[in-house]
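See below for the structure under consideration.
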Amino acid sequence: MADSPEEPKLQLISTRIRAFPDFPKKGILFRDICPILKDPAALTAVIDLFEDHVRKNYQQVDLIAGLDARGFLFGPLLAQRLGVGFVLIRKKGKLPGPTFSVEYNLEYGQAEAVVQEDSVSPGQKILLIDDVLATGGTLFAACELMKKMQAEVLSCMVVIEMKDLRGVDKLKPHSVFSLVQY
């Protein structure tokens with residue numbers, strides 16, 4: 001892939017991801033995307049690559065749905081580029097009005113993902129976006145939430161995929177597009 005037009009953008013993005021050992025707890029190597037957000041060229045590269053992927057692979061996208069909270073950083077930028085709407089998938093208690101919810105397991109307990117009832121219509125084609133795919137629990141919950149709303153999940157997109165945690169397996173049959181893999 002060294003000769004591909006995407007390579008310089010991927011290299012820039014990779015250089016803007018920091019590793020913090022033993023965060024948030026011992027034994028975890030945390031991948032930090034904050035330097036991407038601080039660098040306009042790196043942030044533009046992320047959105048460019050997501051946009052290119054979507055335009056090449058999906059004829060119709062109705063909405064981008066971003067996961068709380070870092071999916072909110074990339075999702076609206078991509079939605080604006082594509083000329084589609086953006087939907088928030090939040091943690092329980094963070095959205096007003098009637099919501100649909102799905103419970104899911106975390107390494108340290110349970111959580112609940114919610115979306116406003118009127119945010120997605122049956123049959124709409126949705127792309128899910130987040131910063132990192134680790135174990136896949138949160139993205140799986142988002143897929144289940146969209147299924148509950150009778151929407152079609154086209155794909156899950158992330159900046160970073162932690163391949164050794166095999167989150168992609170949890171998301172099958174949904175495809176995953178990641179920019180950087182560790």
Side-chain angles (χ1 to χ4, degrees), residues 17-20 22-38 43 46-47 50 61-80 82 84-122 124-162 165-172 174-180 182:
I17 297 171
R18 295 186 294 194
F20 286 97
D22 298 322
F23 183 83
K25 61 184 181 182
K26 190 157 183 61
I28 303 287
L29 181 61
F30 184 84
R31 300 292 178 168
D32 179 27
I33 57 136
C34 290
I36 291 173
L37 301 172
K38 194 171 113 175
L43 182 57
V46 167
I47 303 307
F50 280 151
V61 174
D62 297 313
L63 294 168
I64 304 294
L67 279 67
D68 196 344
R70 292 182 191 98
F72 301 171
L73 302 172
F74 303 106
L77 297 172
L78 179 59
Q80 185 179 41
L82 297 172
V84 301
F86 178 76
V87 173
L88 303 169
I89 297 177
R90 302 239 31 208
K91 294 175 181 90
K92 184 179 180 178
K94 301 289 184 180
L95 284 175
T99 59
F100 284 113
S101 67
V102 170
E103 287 188 2
Y104 62 101
N105 293 319
L106 299 167
E107 300 82 35
Y108 49 84
Q110 280 202 315
E112 201 167 335
V114 300
V115 66
Q116 290 175 319
E117 283 183 7
D118 63 353
S119 63
V120 176
S121 299
Q124 283 192 301
K125 297 179 184 308
I126 312 293
L127 287 170
L128 297 172
I129 192 166
D130 204 1
D131 64 330
V132 175
L133 172 60
T135 62
T138 309
L139 269 169
F140 178 77
C143 290
E144 291 298 299
L145 202 49
M146 294 299 105
K147 182 177 170 182
K148 193 174 191 177
M149 298 184 80
Q150 300 173 18
E152 179 186 348
V153 175
L154 297 173
S155 183
C156 301
M157 301 190 315
V158 294
V159 179
I160 300 169
E161 178 184 349
M162 306 301 295
L165 298 177
R166 301 174 54 99
V168 71
D169 293 341
K170 186 172 188 110
L171 297 173
K172 289 179 180 173
H174 302 292
S175 66
V176 174
F177 175 73
S178 57
L179 298 179
V180 178
Y182 292 102

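Everything numeric here is computed off the predicted structure, so don't read it as measured data.
The CD1 atom of Ile36 sits 10.5 Å away from the CG atom of Leu73 when rounded to the nearest 0.5 Å. Rounded to the nearest 0.5 Å, atoms CG (Leu67) and CG (Leu133) are 10.5 Å apart. Remark: Leu154 CG to Ile64 CD1 distance equals 8.5 Å, nearest 0.5 Å. Between the CE atom in Met149 and the OG atom in Ser121 there is a gap of 7.5 Å [rounded to 0.5 Å]. Distance check, rounded to the nearest 0.5 Å: CZ of Phe177 to CD of Glu161 gives 11.0 Å. Taking CZ from Phe74 and CG from Leu37, the interatomic distance works out to 5.0 Å, rounded to the nearest 0.5 Å.
Contact of the Leu127 side chain with the Val84 side chain is not registered, since no non-hydrogen atoms from C-beta on lie closer than 4.5 Å. Residues Leu139 and Val176 form no side-chain contact, since every pair of their non-hydrogen atoms from C-beta on lies 4.5 Å or further apart. The closest side-chain heavy-atom distance from Val158 to Asp130 is below 4.5 Å. Side-chain contact between Leu78 and Phe86 is absent, with no heavy atoms from C-beta onward closer than 4.5 Å. Using a 4.5 Å heavy-atom cutoff, the side chains of Phe72 and Asp131 are not in contact.
Cation-pi contact between Lys170 and Phe140: present, with separation from the ring centre below 6.0 Å and deviation from the ring axis of at most 45°.
Applying the side chain to side chain donor-acceptor pair (under 3.5 Å) definition to pairs two or more places apart or across chains, those involving residues 68-77 are Asp68-Arg90. Residue pairs satisfying the side chain to side chain donor-acceptor pair (under 3.5 Å) criterion with at least one member in residues 93-104, sequence neighbours excluded, are listed as follows: Ser101-Glu112.
When every heavy atom of Pro35 is checked against every heavy atom of Arg18, the shortest pair comes out as CG-NE, 3.3 Å. Across every non-hydrogen atom of Leu29 and Ala19, the tightest pair is CD1-CB, 3.8 Å. In plain terms, the two heavy atoms of Gln124 and Ser119 that are nearest each other are OE1-O, 4.3 Å.
Within a 6.0 Å sphere centred on CD of Glu152, other residues, nucleotides and ligands contribute more than 12 heavy atoms.
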